[in-house]
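This report concerns only the one structure given below.
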Amino acid sequence: MNEIERKIAAQGFIGTLQEFDRTDRKDEKLIREIAEAASQRSAFLSQQDVDLLSEISGSDFFRIQTIACEIIPLLDVAPSEVMNLVHLLVEKGGEDLAANQPNAAFRKWCASDSKRADEIVSSARAGDPLSLRHLVFALESKGDFQEALRSAKASDEERIAGVLALSRMKLTLVEAAQAVEYILGIAETSEAKETAGLIKAALDMAGKHEDLDRAQFAEAFNRTRATDCPITVHLMASAVHMHLGQMCPEEVEICLKGILEVNPENRGTIREIDSALRRLWKINPQQAGQAAAKLISRTEGTIGTDELQGFFSVTESDDRKNLGTLATSWLLEGNYYVCSTLTSHLSEINRTSPCVDIRPADLPVDAIDQVFLCRKAIGFLFLSPMTAASWIIAVLRGGHAEAASEVADLLFDPLLLNYGGALKDWLGDVSKADAPGTEAIKNAIQQANQLWDGFEAAREVVELEPPASQRALVRFQEAEEAARIQEMAREKSIFAQVVTTQSLLYGDQSSFSMKDGDGNRRSQTVHMAEMSVSSELPKGVIFDPVGTEWLLEQFRHEQRVIA
């Protein structure tokens, strides 16, 4: 009896594994010795092993599981013994993603000897619960289409195992078509939860064969959408996310209608919808934008930029023309929640150009709609003035003649009346181009300059200015008062006795001293990089806050007139 055999005899299989670490799984000789010694035991897993495994938790358990997964394929014991070990490991692993690793090891164990899989299949069909739980891995390891289809045509647990095995196996086109037809057929009369699983399996099979006829899928999606079940919504989102490349337009359209029924509290499904819309954007931005807008509108903004981070991230990193088309369609629709979501997505902080590129081709045909669009843009994107002005510039460049004069007035009031920084600079660059509407842009800038120059001249009343000595005295008094208040606050603070006081200084460098190798203290300087955020506030917030907000509220809530 060698050392490994003595340890297993004394400590049991699980107790022996406790002595090894994860790196030992690479020691093929050691793994083989443990497998051979464990296989020679009269009872592979003793009650001592079961009790010890139930007590182990956390990283210790997964360390043991990692080594056990290397040993399982080499075991030479009865199928029931191996299945019992695998079941205990998976149950102990719980929801952790690594918990399914023993199943993969069991699949290898079955594949190493076809008789093992045959025995498990026979036991499962005889009703053995443990064999039924592991039937899918046995069928998968056999790779026998007819055997798996036979189980799929059974009932209850065996049918689930058969369908799942078929979805994982490598099937020919003919076999896949036969399996898909059968699975979608039984899905017609199944409960909603089982139906979703059956359609998911059929999708996985069809996804491996581009030439497979998908005519039945649209009908299956349409039928299951009527059940109004949360798992159905998740299925449709997952279908678009994972199988968009193979789906026909009708399937995609049905699934997009289905995801609108999502409960905003189902965070997992919303993440799947976000992934689906992100992928759809890369193929069909317009369809993805419409689906996102309907979702935001239906949930009244409960689902927005925070919940659809992936979708909005890909729209931002994509061509600005596509984002401009999306923004145009959302503003033209005029839904308050959708437009508010767009507001939170577009920001001009630290920007010197608009967030989107708006082309005349993106504009609606009618003049009244073009004016409506520009007013909506100002109402919702007022704090991003260059972006809001992009639609006005597009109308001036190639929009309807009747709309051009009205939107030129909007460029002056309220935009240039409120912003004189990046917006005016950007418009100045735009007005240099030899294109329609340039004169209107220059006139708006000139009007704004004359107005603000007049304001500056009017407010310079020297007689009303306090002398420099008085201003200096007031600043000194305010600084002294602030210092006294701060000192009093520190004295009353309950933390004053337990923490030290540090002063934070502002500058472009930090200096400190440290000892060198000879014990001498030397001064060290670290130069700090500048970090700043630039954003201009509208002047109306100061001079006419009520009037400015009232104007924006009008623009936000006005309804589109349909001719």
Side-chain angles (χ1 to χ4, degrees), residues 324 327-328 331 343 346-360 363 367 370-461 532-556 558:
T328 299
L331 290 171
T343 301
L346 301 179
S347 172
E348 289 182 1
I349 293 178
N350 285 347
R351 293 185 64 95
T352 57
S353 62
C355 301
V356 296
D357 283 345
I358 307 299
R359 301 161 294 179
L363 300 173
Q370 292 179 6
V371 175
F372 174 82
L373 177 61
C374 292
R375 289 164 68 90
K376 281 293 179 187
I378 293 173
F380 283 98
L381 301 173
F382 187 65
L383 295 180
S384 301
M386 291 180 289
T387 303
S390 297
W391 282 273
I392 297 176
I393 301 302
V395 173
L396 295 175
R397 291 288 192 240
H400 202 287
E402 294 180 9
S405 61
E406 189 169 347
V407 299
D409 292 337
L410 293 175
L411 191 61
F412 169 68
D413 181 12
L415 291 180
L416 283 170
L417 279 185
N418 283 275
Y419 295 96
L423 172 64
K424 190 169 68 172
D425 294 339
W426 175 70
L427 288 175
D429 293 337
V430 171
S431 64
K432 295 176 183 178
D434 184 14
T438 296
E439 283 302 318
I441 299 171
K442 289 181 178 179
N443 289 338
I445 295 175
Q446 185 178 4
Q447 282 182 277
N449 287 338
Q450 290 175 350
L451 181 65
W452 289 112
D453 288 344
F455 279 158
E456 289 294 328
R459 73 178 185 175
E460 291 180 1
V461 183
S532 63
V533 175
S534 175
S535 180
E536 184 181 5
L537 289 176
K539 296 180 177 66
V541 172
I542 300 172
F543 295 114
D544 185 18
V546 176
T548 300
E549 185 59 33
W550 173 248
L551 177 67
L552 296 179
E553 284 298 310
Q554 283 183 302
F555 286 178
R556 290 169 189 155
E558 67 179 344

Using a 6.0 Å cut-off, check whether atom CD of E549 has over 12 heavy atoms from anything other than its own residue.
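Yes - once you tally the heavy atoms of other residues, nucleotides and ligands closer than 6.0 Å, there are more than 12.
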Intermediate values then yes/no, salt bridge (Lys or Arg N to Asp or Glu O under 4.0 Å), K424 and E536:
CA-CA 12 Å; K424 190 169 68 172; E536 184 181 5; over 6 Å; no
How many angstroms lie between [atom1] in [X] and [atom2] in [Y], if you round to the nearest 0.5 Å?
X: S347; Y: L381; atom1: OG; atom2: CG; answer: 10.5 Å
X: E558; Y: E553; atom1: CD; atom2: CD; answer: 12.0 Å
X: L451; Y: Q447; atom1: CG; atom2: CD; answer: 9.0 Å
X: L551; Y: R556; atom1: CG; atom2: CZ; answer: 9.5 Å
X: I349; Y: R351; atom1: CD1; atom2: CZ; answer: 11.5 Å
X: L417; Y: W452; atom1: CG; atom2: CH2; answer: 6.5 Å

So which atom in [X] and which in [Y] form the shortest heavy-atom distance, rounded to 0.1 Å?
X: C355; Y: L346; value: CB-CD2, 4.0 Å
X: G428; Y: I445; value: N-CD1, 3.9 Å
X: A403; Y: A367; value: CB-O, 3.8 Å
X: A394; Y: P360; value: O-CG, 3.8 Å

Looking at side-chain heavy atoms only, is the closest gap between [X] and [Y] below 4.5 Å?
X: T387; Y: F382; result: no
X: P538; Y: L383; result: yes
X: V430; Y: R397; result: yes
X: L427; Y: I393; result: yes
X: W391; Y: L363; result: yes
X: H400; Y: V395; result: no
X: T438; Y: K442; result: yes

Any donor-acceptor pair under 3.5 Å linking the side-chain atoms of T352 with those of W426?
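Absent: no donor and acceptor within the cut-off.
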Test side-chain contact (heavy atoms from CB on, under 4.5 Å) on F380 and L552 and set out the steps.
CA-CA 8 Å; F380 283 98; L552 296 179; over 6 Å; no
Do [X] side-chain atoms and [Y] backbone N/O form a donor-acceptor pair below 3.5 Å?
X: D544; Y: G540; result: no
X: S405; Y: A401; result: no
X: S390; Y: I358; result: no
X: R375; Y: I378; result: no
X: T548; Y: P545; result: no

Show your working on side-chain contact (heavy atoms from CB on, under 4.5 Å) between Y419 and L537 and close with a plain yes or no.
CA-CA 8 Å; Y419 295 96; L537 289 176; over 6 Å; no
Residue from I392, L396, L416 passing side-chain contact (heavy atoms from CB on, under 4.5 Å) with I441:
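Exactly one candidate clears the test, L396.
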Would you confirm whether the ring centroid of F555 sits within less than 6.0 angstrom of the ring centroid of F372?
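No, ring centres 6.0 Å or more apart.
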